[in-house]
Amino acid sequence: MNREHCYWLLKSEPTSYSIDHLKRDKKTPWTGVRNYRARNFMRDDMQKGDLCLFYHSNADEIGIAGVATVASAPYADPTQFEKASHYFDEGSTKESPRWQLVDIAFVRKFSRVIPLIELKADPALAGMMVTEKGSRLSVQPVSQKHFQHIVDDLAD
DNA sequence: GCCAACGTTGGC
DNA sequence: GCCAACGTTGGC
(Lines give C-alpha, C1' and ligand atoms only; values in the text may rest on other atoms or scores of the structure.)
Protein backbone atom coordinates (compact mmCIF):
# COMPACT_ATOMS: atom_id res chain seq x y z
CA MET A 1 0.00 0.00 0.00
CA ASN A 2 1.16 3.52 -0.63
CA ARG A 3 2.10 5.54 2.41
CA GLU A 4 -1.00 7.62 2.14
CA HIS A 5 -2.49 5.34 4.76
CA CYS A 6 -0.43 5.87 7.85
CA TYR A 7 -3.57 6.28 9.90
CA TRP A 8 -5.85 3.61 11.25
CA LEU A 9 -8.84 2.95 13.43
CA LEU A 10 -8.83 0.11 15.94
CA LYS A 11 -12.04 -1.15 17.49
CA SER A 12 -12.19 -2.53 20.97
CA GLU A 13 -14.98 -3.31 23.36
CA PRO A 14 -14.10 -1.25 26.44
CA THR A 15 -15.46 -3.88 28.79
CA SER A 16 -12.70 -6.17 27.55
CA TYR A 17 -10.01 -3.61 26.68
CA SER A 18 -10.50 0.15 26.87
CA ILE A 19 -8.30 3.20 26.33
CA ASP A 20 -7.79 3.20 30.11
CA HIS A 21 -6.39 -0.31 29.97
CA LEU A 22 -3.98 0.80 27.26
CA LYS A 23 -3.01 3.86 29.27
CA ARG A 24 -2.22 1.60 32.22
CA ASP A 25 -0.34 -0.98 30.14
CA LYS A 26 1.46 1.64 27.97
CA LYS A 27 1.83 -1.04 25.31
CA THR A 28 0.00 -4.24 24.38
CA PRO A 29 -0.01 -6.88 21.65
CA TRP A 30 -3.22 -6.41 19.63
CA THR A 31 -4.30 -10.02 20.02
CA GLY A 32 -7.41 -11.77 18.84
CA VAL A 33 -7.95 -10.29 15.38
CA ARG A 34 -9.46 -13.15 13.37
CA ASN A 35 -10.55 -11.42 10.23
CA TYR A 36 -8.36 -11.69 7.15
CA ARG A 37 -8.75 -8.10 5.94
CA ALA A 38 -7.94 -6.78 9.40
CA ARG A 39 -4.96 -9.12 9.64
CA ASN A 40 -3.69 -8.06 6.24
CA PHE A 41 -3.71 -4.43 7.26
CA MET A 42 -1.62 -5.24 10.33
CA ARG A 43 0.70 -7.64 8.53
CA ASP A 44 1.20 -5.79 5.26
CA ASP A 45 0.45 -2.13 5.69
CA MET A 46 1.03 -0.94 9.22
CA GLN A 47 4.37 0.61 10.04
CA LYS A 48 5.87 1.41 13.38
CA GLY A 49 4.90 4.94 14.31
CA ASP A 50 1.58 4.95 12.43
CA LEU A 51 -1.18 6.60 14.45
CA CYS A 52 -4.45 4.86 15.28
CA LEU A 53 -7.79 6.14 16.49
CA PHE A 54 -8.86 4.00 19.45
CA TYR A 55 -12.57 3.25 19.05
CA HIS A 56 -14.91 1.93 21.72
CA SER A 57 -17.55 -0.39 20.27
CA ASN A 58 -20.51 -2.08 21.90
CA ALA A 59 -20.37 0.34 24.80
CA ASP A 60 -22.36 2.93 26.71
CA GLU A 61 -20.31 5.59 24.98
CA ILE A 62 -19.68 4.45 21.42
CA GLY A 63 -17.00 6.43 19.63
CA ILE A 64 -13.38 7.47 19.50
CA ALA A 65 -11.72 7.50 22.89
CA GLY A 66 -8.14 8.43 22.07
CA VAL A 67 -5.03 7.79 20.01
CA ALA A 68 -2.57 4.91 19.95
CA THR A 69 0.48 4.19 17.84
CA VAL A 70 1.85 1.12 16.11
CA ALA A 71 4.78 0.02 18.27
CA SER A 72 6.25 -3.05 16.55
CA ALA A 73 6.70 -4.82 13.28
CA PRO A 74 4.13 -7.56 12.60
CA TYR A 75 4.62 -10.92 14.29
CA ALA A 76 2.62 -14.06 15.00
CA ASP A 77 -0.29 -13.66 17.43
CA PRO A 78 0.71 -15.96 20.32
CA THR A 79 -2.90 -16.63 21.31
CA GLN A 80 -3.47 -18.71 18.17
CA PHE A 81 -1.20 -21.41 19.68
CA GLU A 82 -2.69 -21.37 23.19
CA LYS A 83 -5.14 -24.23 23.55
CA ALA A 84 -6.88 -22.59 26.47
CA SER A 85 -7.33 -19.31 24.65
CA HIS A 86 -10.58 -18.18 23.14
CA TYR A 87 -8.45 -17.27 20.12
CA PHE A 88 -6.84 -20.69 19.71
CA ASP A 89 -6.71 -21.80 16.08
CA GLU A 90 -5.93 -25.46 15.59
CA GLY A 91 -5.46 -24.90 11.88
CA SER A 92 -2.47 -22.64 12.44
CA THR A 93 1.12 -23.82 12.80
CA LYS A 94 4.27 -22.24 14.19
CA GLU A 95 5.94 -22.81 10.83
CA SER A 96 3.19 -20.95 9.04
CA PRO A 97 1.19 -18.86 11.50
CA ARG A 98 -2.17 -17.75 10.20
CA TRP A 99 -2.64 -14.70 12.42
CA GLN A 100 -0.31 -11.76 12.73
CA LEU A 101 -0.48 -8.72 14.95
CA VAL A 102 1.41 -5.61 15.94
CA ASP A 103 2.02 -4.03 19.32
CA ILE A 104 -0.02 -0.93 20.09
CA ALA A 105 1.19 1.81 22.43
CA PHE A 106 -0.77 4.48 24.27
CA VAL A 107 -0.53 8.04 22.96
CA ARG A 108 -3.39 9.99 24.49
CA LYS A 109 -6.89 9.75 25.84
CA PHE A 110 -9.39 12.36 24.68
CA SER A 111 -11.17 14.38 27.35
CA ARG A 112 -14.38 12.95 25.94
CA VAL A 113 -15.38 10.04 23.77
CA ILE A 114 -16.24 11.51 20.37
CA PRO A 115 -19.59 9.87 19.68
CA LEU A 116 -20.19 7.84 16.54
CA ILE A 117 -23.38 9.83 15.96
CA GLU A 118 -21.29 13.00 15.80
CA LEU A 119 -18.86 11.43 13.32
CA LYS A 120 -21.77 10.37 11.14
CA ALA A 121 -23.26 13.86 11.16
CA ASP A 122 -19.99 15.60 10.25
CA PRO A 123 -19.74 16.43 6.54
CA ALA A 124 -15.95 16.58 6.84
CA LEU A 125 -15.96 12.87 7.66
CA ALA A 126 -18.08 11.74 4.72
CA GLY A 127 -16.86 8.38 3.47
CA MET A 128 -15.08 7.44 6.67
CA MET A 129 -15.44 3.68 6.96
CA VAL A 130 -16.58 3.53 10.56
CA THR A 131 -19.52 5.83 9.83
CA GLU A 132 -20.89 3.50 7.18
CA LYS A 133 -23.73 1.16 8.02
CA GLY A 134 -22.69 -2.39 8.75
CA SER A 135 -19.01 -1.52 8.97
CA ARG A 136 -17.73 -4.43 11.03
CA LEU A 137 -14.07 -4.40 10.19
CA SER A 138 -12.08 -4.05 13.42
CA VAL A 139 -8.93 -2.62 11.82
CA GLN A 140 -9.67 0.13 9.32
CA PRO A 141 -7.55 2.54 7.31
CA VAL A 142 -8.29 6.21 7.95
CA SER A 143 -7.37 9.07 5.63
CA GLN A 144 -5.00 11.75 6.88
CA LYS A 145 -7.72 14.35 6.31
CA HIS A 146 -10.20 12.50 8.51
CA PHE A 147 -7.60 11.76 11.16
CA GLN A 148 -6.48 15.39 11.36
CA HIS A 149 -10.03 16.68 11.52
CA ILE A 150 -10.85 14.39 14.42
CA VAL A 151 -7.71 15.14 16.39
CA ASP A 152 -7.53 18.87 15.62
CA ASP A 153 -11.18 19.88 15.54
CA LEU A 154 -13.26 17.33 17.46
CA ALA A 155 -10.97 16.27 20.29
CA ASP A 156 -10.30 18.76 23.06
C1' DG B 1 -32.67 -7.90 23.44
C1' DC B 2 -33.37 -7.22 18.53
C1' DC B 3 -31.80 -7.66 14.16
C1' DA B 4 -29.27 -6.10 9.88
C1' DA B 5 -25.02 -6.67 7.83
C1' DC B 6 -21.20 -9.42 7.23
C1' DG B 7 -17.99 -13.40 7.20
C1' DT B 8 -17.34 -18.28 7.30
C1' DT B 9 -18.52 -23.08 6.67
C1' DG B 10 -19.79 -27.02 4.35
C1' DG B 11 -22.90 -29.73 1.29
C1' DC B 12 -23.51 -30.36 -3.32
C1' DG C 1 -17.36 -22.72 -7.14
C1' DC C 2 -22.09 -21.73 -5.66
C1' DC C 3 -24.95 -20.57 -2.04
C1' DA C 4 -27.83 -21.67 2.07
C1' DA C 5 -27.21 -22.02 6.80
C1' DC C 6 -25.06 -20.51 10.58
C1' DG C 7 -22.33 -17.56 13.72
C1' DT C 8 -20.70 -12.96 14.95
C1' DT C 9 -20.52 -7.99 15.20
C1' DG C 10 -22.20 -4.06 16.91
C1' DG C 11 -25.55 -0.11 16.58
C1' DC C 12 -29.88 0.87 18.29
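Labels below follow one simple rule: chain letters A, B, ... track the order of the sequence lines, proteins then strands, and each chain is numbered from 1. None of the values given here were measured: they were computed from a predicted structure.
For the pair Ile117(A) CD1 and dG10(C) P, the computed distance is 18 Å after rounding to whole Å. Separating the CD atom of Gln140(A) from the P atom of dT9(C) is a distance of 15 Å, rounded to the nearest angstrom. Look at CG on Leu137(A): it is 16 Å from C1' on dG11(C), rounded to the nearest Å. Atom CD in Glu132(A) sits about 20 Å away from atom P in dA4(B), given to the nearest Å.
Across the interface with DNA chain B, nearest-nucleotide mapping of Arg34(A) and Asn58(A) shows Asn58(A) to be the residue nearer the 5′ end.
No side-chain donor-acceptor contact under 3.5 Å links Ser57(A) and Arg136(A). There is a side-chain donor-acceptor pair under 3.5 Å between Trp8(A) and Asp50(A). A donor-acceptor pair shorter than 3.5 Å can be found between the side chains of Arg43(A) and Asn40(A).
Within the cation-pi definition used here (under 6.0 Å to the ring centroid, within 45° of the axis), Lys27(A) does not qualify as a partner of Phe106(A).
Between Tyr36(A) and the phosphate of dC6(B), there is no side-chain N or O to OP1/OP2 separation shorter than 4.0 Å. For Lys133(A), no side-chain nitrogen or oxygen approaches OP1 or OP2 of dA4(B) to under 4.0 Å.
Across dA5(B), dG11(C), dG7(B), the shortest atom-to-atom separation from the side chain of Lys120(A) is found for dG11(C).
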